[in-house]
Student: 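After the structure tokens below, expect a handful of questions from me.
Values below: every heavy atom of this structure, side chains too, minus hydrogens, waters and symmetry copies.
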Amino acid sequence: MKMEMKRLSWLAFSFFVLPLVITACSAEKSGVAEPKTSESVDDAAVATSSPIVDSDSIDPCEILSSQDLDKYGEFQSEYEEVGSARSCFWQRSAKGNQEVSTFSLNVRDSNGLDAVNDVGGGIVEGEVNGRRAAVAKNPRSGSCTVALEISDGSRIDVTITTPPDQGMEECQFGQEIAYLVEPRLPDVPS
């Protein structure tokens with residue numbers, strides 16, 4: 001993602017700054033070149049020159065790697081669009097007599113933390129690495145969702161259906177996955 005950001009930054013620089021430099025150095029106009037004051041800077045040019053990274057740029061199957069999950073076993077992932085969410089379903093392989101373990105990452109581009117559903121166990125608000133989060137446990141199914149804020153109107157849900165070990169609670173595994181995911185999310189706009 002950092003390489004992609006550098007590439008986007010270079011493209012923005014190439015399209016917006018270089019033409020200005022080339023024009024300013026052109027021999028067609030005579031006179032003294034003077035820098036623009038901050039009052040004369042075009043707001044639209046400033047907005048388009050710095051790439052905005054939001055939930056649309058997140059691929060839920062690319063945010064984690066199989067190496068990230070090694071300590072929990074061997075997982076395979078599968079991308080699917082479910083309703084308005086872009087989802088990646090992770091399932092632990094049956095190789096080596098591993099118990100079944102499943103979870104999903106669901107990017108919700110138009111639902112913020114305030115839209116997390118209470119599925120019977122209440123909603124507990126908190127933070128993951130300083131990022132706002134909400135936890136919703138379903139007492140009927142035993143599943144647990146840890147939702148992480150991306151922006152006011154978007155989030156990513158870590159939904160645990162079956163943890164990797166019988167002694168581990170769904171929400172505990174959900175929080176561990178959330179701590180892996182959070183550093184790879186774009187900064188929350190201020």
Student: How close do Pro164 and Tyr72 get, heavy atom to heavy atom, and via which atoms?
Tutor: CG-CD2, 3.8 Å
Student: Can you name the residues that form a side-chain hydrogen bond (donor to acceptor under 3.5 Å, both in side chains) with Gln76, not counting sequence neighbours?
Tutor: none
Student: Does Val158 reach the side chain of Thr145, with side-chain heavy atoms less than 4.5 Å apart?
Tutor: no
Student: Using the rule that Ile, Leu, Val, Met, Phe, Trp and Tyr join whenever any side-chain heavy atoms are under 4.5 Å apart, tell me whether Val100 and Phe75 fall into a single cluster.
Tutor: no
Student: Can you measure from CD (Gln175) to CD (Glu169) and round to the nearest 0.5 angstrom?
Tutor: 9.5 Å
Student: At what distance, to the nearest 0.5 angstrom, does CZ of Arg86 lie from CD1 of Ile58?
Tutor: 7.0 Å
Student: List for me each residue that meets ring-ring contact (aromatic ring centres under 6.0 Å, His included) alongside Phe89, sequence neighbours excluded, and say none if there are none.
Tutor: none
Student: Within a strict 4.5 Å, meaning less than it, do heavy atoms of the Leu64 and Leu180 side chains meet?
Tutor: yes
Student: Filter on disulfide (SG to SG under 2.5 Å), then keep only pairs touching residues 70-160, sequence neighbours left out; what's left?
Tutor: Cys61-Cys88, Cys144-Cys171
Student: For Arg92, what residues pass the side-chain hydrogen bond (donor to acceptor under 3.5 Å, both in side chains) criterion, not counting sequence neighbours?
Tutor: none
Student: As an exercise, state the distance from CD of Glu74 to CG of Leu69, rounded to the nearest 0.5 Å.
Tutor: 11.0 Å
Student: Who passes side-chain hydrogen bond (donor to acceptor under 3.5 Å, both in side chains) against Asp114, sequence neighbours left out?
Tutor: none
Student: What heavy-atom pair brings Arg184 and Ile63 nearest, and what distance separates the two atoms?
Tutor: NH1-O, 2.9 Å
Student: Taking everything shown except Asp152 itself, do over 12 heavy atoms lie less than 6.0 Å from its CG?
Tutor: no
Student: How far does CD of Glu176 sit from CZ of Phe103, to the nearest 0.5 angstrom?
Tutor: 11.0 Å
Student: Taking only residues two or more places apart in sequence, or in another chain, which ones meet Glu182 in a side-chain hydrogen bond (donor to acceptor under 3.5 Å, both in side chains)?
Tutor: Asn129, Arg131
Student: Give me the atom names and distance for the closest heavy-atom approach of Ala133 to Leu113.
Tutor: N-CD1, 3.8 Å
Student: How close do Ile150 and Ile156 get, counting heavy atoms only, and between which atoms?
Tutor: CD1-N, 3.8 Å
Student: Quiz question: by atom type and distance under 3.5 Å, do the side chains of Ser87 and Asn106 form a donor-acceptor pair?
Tutor: yes
Student: For Thr161 and Ser143, test the side chains for any donor-to-acceptor distance below 3.5 angstrom and give the result as yes or no.
Tutor: no
